[in-house]
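Here the structure comes first, spelled out in structure tokens, and everything after it is commentary.
By convention in this document, chain letters (A, B, ...) are assigned in the order of the sequence lines, proteins followed by strands, and residues within each chain are numbered from 1. Predicted model only: the values in this text are computed from it and were never measured.
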Number of protein chains: 2
Amino acid sequence: MPKHVKEIEALKAHLGKHQLKYTRQRELILEAFLQQEHITAEEMYHQLAKKDPHLGLATIYRTLNLFCEADLAQARHFGTQTQYDNISHKGHHDHLICTDCHKIVEFENCEIEKLQEEVATRNGFTITTHRLELYGLCSRCRH
Amino acid sequence: MPKHVKEIEALKAHLGKHQLKYTRQRELILEAFLQQEHITAEEMYHQLAKKDPHLGLATIYRTLNLFCEADLAQARHFGTQTQYDNISHKGHHDHLICTDCHKIVEFENCEIEKLQEEVATRNGFTITTHRLELYGLCSRCRH
DNA sequence: ATTGAAATTGATAAATCGTCTCAAGAAGAT
DNA sequence: ATCTTCTTGAGACGATTTATCAATTTCAAT
């Protein structure tokens, strides 16, 4: 019935491993989360208010942080807020961030990823995820 | 006597251009800032408490933001705090982070940096700083 | 199905981080 | 030295996120 069976199973696996429980709220938040590329807790709060007016903001924060631990999400702090990126089913994308107008351009680069793997291997690491953010000025803000 | 004559002149140029004043606090904070690769306002607050116990935290925030406008610093949101990067400092290092034992290995990779520049140029960006973190398991934790 | 231990929730208090306010003090031009 | 303007320090404030805790829900064991 639910669309994202694979991710639900991944979450359940994580929950089981840590003696946590699969709740109605966690399923609701996961379903909503997986339909976004990235979202803030506040945005999700308003979005889900229609489906469950009693869902608390604290629960959303707790659940999104849980998703980070389960490697379904990745938190990214920008400006005063925290963005939760969906890294589970899309190819992981990186960000170009304009420090002036806060514009964000997403990109993907296989060569960089390959070099990352090399660095990791050289140091005995096995990468599960990564974060790459390039900060600078976009063409308009450079004047 | 101050060591960073070039940066002090750059700051004075910016101040003059905007009808701002060169104060004891601004010089003190600049001297301290230029000795770091990156620092938070809070860290600087404690660090400078010895030299000037009356220096206010608000002044440090104001001054670090001023440095950003004068292109001496670059703000970057890291975790819950804001890191102020020293732009004149070059050797930027990246991190390999073990998600199990939290071991952190620093590395530098020119090829990756070159590819980052290419991506930025292709999108019309001029990079001033970046952040690359690879998350995974180190050799010991993989078993 | 019922029970009971353990985890989760919602509401809100509290903490955190950074900015704003404003009276008093410092800088710099005249 | 004077005068205008900018800056400072202290604390209030606003926004975001986390902690607290009693009531509720989950889920495994009856």
What is the separation between atom [atom1] on [X] and atom [atom2] on [N], rounded to the nearest whole Å?
X: A:L15; N: D:dC27; atom1: CG; atom2: P; value: 9 Å
X: A:L28; N: D:dT26; atom1: CG; atom2: C1'; value: 17 Å
X: B:Y45; N: D:dT8; atom1: OH; atom2: P; value: 15 Å
X: B:K12; N: C:dA27; atom1: NZ; atom2: P; value: 12 Å
X: B:H54; N: C:dA24; atom1: NE2; atom2: C1'; value: 15 Å
X: B:L57; N: C:dT19; atom1: CG; atom2: C1'; value: 11 Å
X: A:I29; N: C:dT8; atom1: CD1; atom2: C1'; value: 11 Å
X: A:I60; N: C:dT8; atom1: CD1; atom2: P; value: 17 Å

(Q) Regarding B:L55, tell me which of base, sugar-phosphate or nothing describes its non-hydrogen contacts under 4.0 Å with the strands shown. (A) sugar-phosphate
(Q) For the backbone of B:I87 and the side chain of B:D85, can you confirm whether one donor and one acceptor N or O come within less than 3.5 Å of each other? (A) no
[N] OP1/OP2 closer than 4.0 Å to side-chain N/O of [X]:
X: A:T23; N: C:dT9; result: yes
X: A:Y61; N: D:dT17; result: yes
X: B:Q19; N: D:dT4; result: no

[X] side chain: which of [options] is closest?
X: B:D52; options: D:dT26, D:dT17, D:dG9; result: D:dG9
X: B:K21; options: C:dA5, D:dT7, C:dT12; result: D:dT7
X: A:R24; options: D:dT7, C:dT8, D:dT26; result: D:dT26
X: A:L20; options: C:dT9, D:dT7, C:dA7; result: C:dA7
X: B:Q81; options: C:dC17, D:dT7, D:dG9; result: C:dC17
X: A:Y22; options: C:dT9, D:dC27, D:dC6; result: D:dC27

Q | Pairwise 5' ranking along DNA chain D for B:H18 and A:N65, keeping only the more 5' one | A | B:H18
Q | Contact nearer the 5' end of DNA chain D, comparing A:E42 with B:T59 | A | B:T59
Q | Polar contact flag, side-chain donor to acceptor under 3.5 angstrom, A:T59-A:R62 | A | yes
Q) Between B:H14 and B:D71, is any side-chain donor less than 3.5 angstrom from a side-chain acceptor? A) no
Q | Heavy-atom closest contact (B:E108 atom, B:H93 atom, distance) | A | CG-CA, 4.3 Å
Q. Can a donor-acceptor pair under 3.5 Å be found between the side-chain atoms of B:R62 and the base atoms of D:dG9?
A. yes
Q: Could you pick out which residue, A:G56 or B:T82, lies toward the 5' side of DNA chain C when each is mapped onto its nearest nucleotide?
A: A:G56
Q) Taking atom NZ of A:K114 and atom CG of A:N109, what is their separation to the nearest 0.5 Å? A) 10.0 Å
Q. Mind checking whether A:F33 and A:F67 have parallel, tilted or perpendicular rings, split at 30° and 60°?
A. tilted
